[in-house]
Structures are given as structure tokens and as C-alpha cells.
Amino acid sequence: MTVLVTGARGNIGGRLVARLAAGGHRVRASARDAAALEAPGGVEAVELDVTAPDPAVLRGVRTVFLYPVFGPVDDFLKAADEAGVEHLVLLSSPASYEPVEHAGPIGRAHQAVEASLRESGLSHTVLYPSWLATNAIRDWAEAIRATGRVGIAHPRWQVNPIHIDDIAEVAARLLTRDEHRGRTLVLTGPESMPQREVVARLAEAIGRPIAVDELSREEATARLPEWFPEPVFASLLDVAEAAGDTPATINNNVERLTGHPARSFRAWAEAERDAFTAR
Ligand SMILES: NC(=O)c1ccc[n+]([C@@H]2O[C@H](COP(=O)([O-])OP(=O)(O)OC[C@H]3O[C@@H](n4cnc5c(N)ncnc54)[C@H](OP(=O)(O)O)[C@@H]3O)[C@@H](O)[C@H]2O)c1
């Protein structure tokens with residue numbers, strides 16, 4: 001059986017490919033630019049834009065890990081159906097249903113992919129992971145390396161960082177066993193903490209102090225990198241503002257699905273130390 005992993009260059013997709021390959025599964029890893037894909041030995045690398053698919057990439061595929069791409073996925077799902085794909089695991093986001101965020105651009109984009117999947121009639125499982133630990137690299141690594149400080153608009157906003165290995169482990173299981181099909185699974189990290197505390201844990205893990213500067217909405221928006229869409233950032237600020245001090249939801253689904261407690265943010269940060277310290 002072949003597992004097709006879309007977004008194999010992505011943080012989660014990359015870990016998933018490695019995990020499936022290490023488990024002896026036949027993996028087809030895809031990226032929009034296959035030449036840029038560094039797949040482990042034995043893994044087949046193919047080019048695939050999910051919004052403009054070549055049906056040939058689905059030949060012999062039994063299960064698919066699907067990224068919540070922006071754009072229509074109906075042709076891909078039709079091709080998957082025609083190729084006899086048995087099951088898909090969709091990476092989605094709680095933005096799809098959470099108050100405030102569901103009505104914004106992130107929520108709507110995820111809802112669109114979920115709706116297409118539902119309407120396709122294909123068997124699927126939807127994953128709703130909480131705040132990705134990798135957000136710390138995306139949002140803060142550059143500033144920490146350059147200045148040892150981070151600017152945050154809502155440092156009291158509580159998040160529940162999830163280790164991406166936990167998501168990859170759950171996905172690998174669902175792609176290779178006939179379990180939890182037709183379900184939606186909320187996956188969270190083990191602990192809710194304010195973003196200020198996330199930074200403190202990061203500082204402990206890398207062995208260097210990190211100062212937190214509380215920013216106004218305008219200041220935070222002015223610092224936004226060019227690649228980050230402003231409406232998406234505005235929606236995140238709305239979410240953080242509305243949440244106040246409310247703890248983020250925590251559940252034990254990672255443990256129920258993997259047999260071990262959810263990995264800590266600290267463990268993730270220690271493994272990713274170089275991202276925050278190396279030149
Ligand atoms: N940030 C959070 O806290 C959070 C929380 C819950 C859920 N999520 C979800 O998790 C995602 C981030 O996961 P990540 O960090 O693993 O992602 P990532 O590293 O940013 O990678 C995204 C992947 O999506 C692929 N992709 C995008 N458009 C595509 C298309 N049209 N066809 C095929 N592949 C396409 C990219 O493929 P290429 O290599 O071809 O570019 C890339 O590999 C978010 O987008 C969100 O949906 C995020």
C-alpha cells in the first residue's frame with residue numbers, strides 16, 4: 001500500500017514522511033517543486049499542486065495526508081476517488097470552528113477544504129491540532145537570534161503548544177490503520193500557558209534570556225513580515241484579544257491515540273535550539 005503525503009516539505013509533512021518511511025511503509029512524498037524535496041531513501045518524490053493535480057500521482061495510492069491548501073481541491077478529490085483511494089487524513093485547524101476565528105480568513109479557508117472533503121463522499125479523518133510549537137520559529141526566531149527580544153501584542157494570550165511529532169505520529173497511525181475513520185480529532189499540547197510563558201520556556205531551553213516587549217496592535221502589524229498576509233494576522237490579533245486570560249483547551253487525545261503523553265514544548269524547544277541561536 002502506498003501513502004501519499006502532500007506538503008512533504010512542510011514541518012508536519014516532512015516529519016510524517018520520515019516516520020512512515022522509518023516504519024517500513026511505502027511513501028510517495030509530494031511537493032509543488034519536487035526538485036526542492038529532500039525525501040529519505042526509498043521514498044518516491046513526485047510533483048503535485050493539489051489545486052491542479054495530475055491524476056497519475058494517485059496511482060496505487062491507498063491513503064492520503066492532505067494539507068489544507070488555499071484553493072479548490074475538488075479535482076484532486078475526484079482523482080483520488082477514481083484512483084480508489086481508501087481514506088484521507090486532513091490537517092485542518094481549530095480556526096475552522098472557534099469563536100471569532102471561524103468567521104475570518106483562516107477559518108473560511110479551512111472550512112472550504114473540509115466542505116470539499118465532506119462533499120466528495122470519501123472516507124476521511126480531520127485533525128485539529130492546537131497552537132503549533134513551530135509557530136515559535138515562524139514568529140520569533142529571527143528576532144531572538146538578532147536581538148534576544150520578541151515583540152508580542154498579547155503576551156497574556158493562552159496557547160497550548162503541540163509538538164509536531166505528536167501530530168505526525170497520530171497522522172501516521174491513522175494513515176496506516178483502519179481506526180477513527182469518519183471522525184474529527186482535536187489534538188492539543190499538554191499544557192495551556194500565556195505566550196509570555198512560552199517565551200520563558202524557550203529561554204530556559206536555549207539557555208539564553210529572551211525579553212518580551214508588549215506591542216500595540218499597530219506596532220505588531222508594522223513589524224509583520226512581508227510574506228504574512230495582513231488579514232490573517234488581523235484575525236489572529238482578534239482571537240488573542242477576545243480570549244483574554246482564558247486557558248486554552250487541553251485534552252488527552254494525543255495520549256489516547258499514541259499511547260504516550262503529549263510531548264512538551266520544552267522538549268521541542270531543546271531539539272530546535274539551533275533555530276534560535278545559530279547564526
Ligand atoms: N499555526 C498553527 O498554530 C496551526 C494550528 C492548527 C493548524 N494549523 C495548520 O497547519 C498548517 C501549517 O503546518 P506546517 O507548519 O506543517 O506547514 P508548512 O511547513 O507551512 O508547510 C505547508 C505545506 O503546504 C503545502 N502546500 C501549500 N499549498 C499547496 C498546494 N496548492 N498543493 C500542494 N501542497 C501545498 C506546501 O507545499 P510546497 O512545499 O509545495 O510549498 C508546504 O509543504 C497551517 O497552514 C494550518 O493549516 C496551524
Side-chain angles (χ1 to χ4, degrees), residues 4-19 28-39 45-54 57-58 64-77 79-80 88-98 101-102 104-114 116-117 126-141 157-168 170-171 184-189 192 195 198 225 227-229 232-233 235-236 239-240 243 248-249 253-254 265 268 272 275:
L4 171 66
V5 177
T6 69
R9 293 176 65 214
N11 292 316
I12 298 164
R15 304 263 179 142
L16 175 59
V17 168
R19 182 170 286 275
R28 191 171 295 162
S30 81
R32 283 174 292 182
D33 176 7
L37 180 57
E38 287 170 30
V46 295
E47 208 144 279
L48 168 66
D49 181 334
V50 172
T51 64
D54 171 358
V57 301
L58 285 153
V64 174
F65 178 73
L66 183 60
Y67 259 93
V69 303
F70 286 80
V73 298
D74 306 281
D75 289 350
F76 176 76
L77 296 174
L88 295 95
V89 174
L90 172 68
L91 173 70
S92 191
S93 164
S96 201
Y97 57 81
E98 277 192 344
E101 217 174 0
H102 78 276
I106 314 176
R108 287 197 302 269
H110 288 89
Q111 287 156 16
V113 181
E114 287 178 32
S116 291
L117 198 43
V126 183
L127 302 182
Y128 294 116
S130 58
W131 194 88
L132 305 182
T134 43
N135 291 343
I137 294 182
R138 183 195 67 186
D139 297 343
W140 303 329
W157 178 37
Q158 296 223 20
V159 295
N160 43 7
I162 185 166
H163 197 303
I164 57 171
D165 278 342
D166 283 339
I167 306 169
V170 167
T184 54
L185 296 167
V186 177
L187 306 174
T188 77
S192 173
Q195 286 209 311
V198 180
W227 57 266
F228 207 121
V232 169
F233 187 64
S235 176
L236 289 174
V239 170
T249 305
N253 276 342
V254 167
F265 178 74
W268 174 86
E272 299 297 332

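Whatever order the structure lists them in is the order used to number ligands and atoms, beginning at 1.
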Nearest protein heavy atom to [atom], by residue and atom, and its distance?
atom                    : result
atom 25 (C) of ligand 1 : G7 CA, 3.9 Å
atom 34 (N) of ligand 1 : V69 CG1, 4.0 Å
atom 27 (C) of ligand 1 : R32 NH2, 3.4 Å

Using a 4.0 Å heavy-atom cut-off, which part of [X] comes near ligand 1: side chain, backbone, both, or neither?
X   : answer
N11 : both
A95 : neither
P68 : side chain

For ligand 1, which atoms, with element, lie under 4.0 Å from some heavy atom of [X]?
X    : answer
W131 : 3 (O)
I12  : 13 (O), 16 (O)
A31  : 40 (O)
L91  : 10 (O), 11 (C), 13 (O)
D49  : 30 (C), 31 (N), 32 (N)
R138 : 1 (N)

Self-check item: Option with minimal heavy-atom separation from atom 43 (O) of ligand 1, where the choices are S92, G10, P94, G71
Solution: G10
Quiz item: So which of I106, T51, L132 gets nearest to atom 4 (C) of ligand 1, if we judge by its closest heavy atom?
Solution: L132
Self-check item: Parallel, tilted or perpendicular: ring planes of F233 versus F228, cut at 30 and 60 degrees
Solution: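 F233 and F228: perpendicular rings.
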Quiz prompt | Any non-hydrogen protein atom less than 4.0 Å away from atom 2 (C) of ligand 1 | solution = yes
Quiz item: Under 4.0 angstrom from atom 21 (O) of ligand 1, is there any protein heavy atom?
Solution: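 So far as the 4.0 Å threshold goes, atom 21 (O) of ligand 1 is in reach of a protein heavy atom.
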Quiz prompt | Lys/Arg N to Asp/Glu carboxylate O, D165 vs R15, below 4.0 Å | solution = yes
Quiz item: Any N or O of S93 that comes nearer than 3.5 Å to an N or O of ligand 1?
Solution: no
